[in-house]
Amino acid sequence: MQPQFPEFPDLDLSALAANASCLDDYDPNAMSVTQARHYIQQFLSPVSETEIVAIKASLGRVLAVPVTSGINVPGHDNSAMDGFAFRHAEAGNALNIVGTAFAGAPFTADIPHGCCIKIMTGAVIPPTVDTVIMQEHTTTEGEWVTLIKLPAAGANIRLTGEDIATGQTVLARGHRIEPADMGLLASLGVAEIEVYRPLKVAFFSTGDELVSLGQPLQQGQIYDSNRYSLWGVLQAAGVDMYDLGNVTDDPDALEKTLLQAAAEHDVVITTGGVSVGEADFMKALLAKHGQVLFWKINMKPGRPLAYGKIGSAHYFGLPGNPVSAMVTFYQFVQDALKHLMGAASQASPTFKVECVNAIKKATGRTEFQRGILFKDGADWKVRTTGQQGSGILSSMSLANCFIVLDEKTGSLAAGTLVEVQPFHGVC
Ligand code: AMP
Ligand code: MG
């Protein structure tokens, strides 16, 4: 069933595509970034098929069922230090060392009254002792140890299950597997997990002026760069990608490629052909085969954007300008893909830093200027990459963040705090 707007229970995508005026606040010619995200969200339902993968093949995959622990971690009380394990009540005199416990080789004999054992980090604590003193706080003479700085009773012992208890949910459904999770799963003895099947995403470029790599450029032609940026962002998103090449602005060729793409994939992404001059043609094509909304978003770069369904496939029509294509991918498609992959939604972090240069901007639209975060003494600051034209792809390559300037913000003086959205974190 088509997901619907909670506030308009009878409205579905086809109604909206056919008659945009059926929603009071819906204006395809002045759509805010937030509104557009909200509309797209309404129509996304995650894949439901699952498969089993080995831990080493699970990076970036999305858990279809929660993982609960079948064991305690740690499995035994064990020593947090190299030192001596003893009964706190017997501290005071020198203690007789009756043996040694190693990690993986427990001490199992009796520890008589007034005695202790030497113990290594990670070694099991025998049940009759209760405290560990670190070696540096003792002196030893032959078989005897003197406790110089007595720790509190129970000190330096890692307790059974203090990291993870048996039955505890360790990773929730919808969690995307990160490197630490792979180690965590292994620590529980889990060798395989159930994840959602990968999302199949097809994409192609449109434009008579585009030339594929390996061919010489004729007058007025340009190399098709969008397919390569898209390849990169889709690879990072962890989907199965299908590059359908570039298609000329020819109705028959476009129709054929579009229909084939929609029939065989979960998502179809195109670049180009949604700007004012070309949209009519795409609109007619998409109206014939699907339910597609064409929006002019109050944003820069990336004003034109199309979203809808062709059969059961989700369709994203991104602008052709190389920066606009990437910005609209990051701001709309990336999140939508995560949702379709079954991943729990998580906004990408933003924070405020000082921008060292002045910024020129008109109010009334959101701008995603390209910025370079840099360290200035102890502080992180940002500067813009310079020219911000939507065709200047080198600005994306130079940048390590977006400077996000909302609709209310106008031009800013140097030294103003601005919101930044970094491209990369630690991992
Ligand atoms: P369009 O959205 O088709 O009107 O294209 C807008 C601008 O982006 C034009 O200057 C196109 O030449 C350029 N463009 C469109 N597609 C691509 C592409 N795949 N690679 C590089 N530039 C493109
Ligand atoms: Mg074009």
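The figures that follow rest on heavy atoms only: side chains count, while hydrogens, waters and symmetry mates do not.
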Just checking, is any N or O donor in the side chain of [X] or [Y] under 3.5 Å from an acceptor N or O on the other one?
X: Asn298; Y: Thr366; result: no
X: Gln421; Y: Ser348; result: yes
X: Gln218; Y: Glu209; result: no
X: Thr385; Y: Gln388; result: yes
X: Arg158; Y: Asn78; result: yes
X: Asp224; Y: Ser212; result: no
X: Asp82; Y: Thr121; result: yes

Just by distance, do the side chain of [X] and the backbone of [Y] share a donor-acceptor pair under 3.5 Å?
X: Ser58; Y: Ile55; result: yes
X: His339; Y: Asp335; result: no
X: Arg61; Y: Ile193; result: no
X: Asp77; Y: Thr160; result: yes
X: Thr68; Y: Thr169; result: no
X: Asn226; Y: Thr271; result: no
X: Thr416; Y: Leu412; result: no
X: Lys296; Y: Met31; result: no
X: His175; Y: Ala64; result: no
X: Asn400; Y: Leu373; result: yes

State, yes or no, whether a side-chain contact exists between [X] and [Y] at a heavy-atom distance under 4.5 Å.
X: Thr270; Y: Met282; answer: yes
X: Val33; Y: Phe368; answer: yes
X: Glu419; Y: Val353; answer: no
X: Gln41; Y: Arg37; answer: no
X: Asn72; Y: Ile164; answer: no
X: Leu340; Y: Pro46; answer: no
X: Met299; Y: Arg365; answer: no

State yes or no: are the ring centers of Phe294 and Tyr307 separated by less than 6.0 Å?
no
So, Phe423 versus Phe402, ring centres under 6.0 angstrom or not?
yes
Please check if atom NE2 in His289 has more than 12 non-hydrogen atoms from other residues, nucleotides or ligands closer than 6.0 Å.
yes
Take a 6.0 Å sphere around NZ of Lys118 and say whether it holds more than 12 heavy atoms from other residues, nucleotides or ligands.
yes
Point-to-point distance, once rounded to the nearest 0.5 Å, from [atom1] of [X] to [atom2] of [Y]:
X: Arg370; Y: Arg383; atom1: CZ; atom2: CZ; answer: 15.0 Å
X: Trp295; Y: Ser32; atom1: CH2; atom2: OG; answer: 10.0 Å
X: Leu185; Y: Leu171; atom1: CG; atom2: CG; answer: 5.5 Å
X: Gln221; Y: Gln215; atom1: CD; atom2: CD; answer: 8.0 Å
X: Lys360; Y: Leu405; atom1: NZ; atom2: CG; answer: 13.5 Å
X: Leu258; Y: Leu286; atom1: CG; atom2: CG; answer: 5.5 Å

Do Glu178 and Arg176 meet the salt-bridge criterion of a basic N to acidic O distance under 4.0 Å?
no
Quick one: do Glu136 and Lys149 make a salt bridge, cutoff under 4.0 Å?
no
Can I get a per-line list of side-chain donor-acceptor pairs under 3.5 Å for residues 231-245, giving both atom names and the distance, sequence neighbours left out?
{"unit_1": "Asp243", "atom_1": "OD1", "unit_2": "Arg227", "atom_2": "NH1", "d": "3.0"}
{"unit_1": "Asp243", "atom_1": "OD1", "unit_2": "Gly245", "atom_2": "N", "d": "2.8"}
{"unit_1": "Asp243", "atom_1": "OD2", "unit_2": "Arg227", "atom_2": "NH1", "d": "2.9"}

Of all the heavy-atom pairs spanning [X] and [Y], show the shortest one and how long it is.
X: Ala123; Y: Ala103; result: CB-N, 3.7 Å
X: Val53; Y: Val195; result: CG2-CG2, 3.9 Å
X: Leu44; Y: Ile40; result: CG-O, 3.3 Å

Once you measure the plane-to-plane angle for Tyr26 and Tyr39, does it fall in the parallel (<30°), tilted (30-60°) or perpendicular (>60°) bin?
perpendicular
Step-by-step side-chain hydrogen bond (donor to acceptor under 3.5 Å, both in side chains) determination, Asn246 to Ser205:
CA-CA 4 Å; Asn246 67 52; Ser205 303; 5.9 Å; no
Please step through side-chain contact (heavy atoms from CB on, under 4.5 Å) for the pair Leu318 and Phe332, ending with a clear verdict.
CA-CA 10 Å; Leu318 308 185; Phe332 300 104; over 6 Å; no
Which pairs pass side chain to side chain donor-acceptor pair (under 3.5 Å) with one or both residues in residues 191-201, sequence neighbours excluded?
Glu49-Arg197, Thr50-Glu194, Arg173-Tyr196, Arg197-Asp266
Go through the steps to decide whether Glu367 and Asp406 satisfy the test side-chain contact (heavy atoms from CB on, under 4.5 Å), and finish with yes or no.
CA-CA 7 Å; Glu367 287 200 12; Asp406 66 18; over 6 Å; no
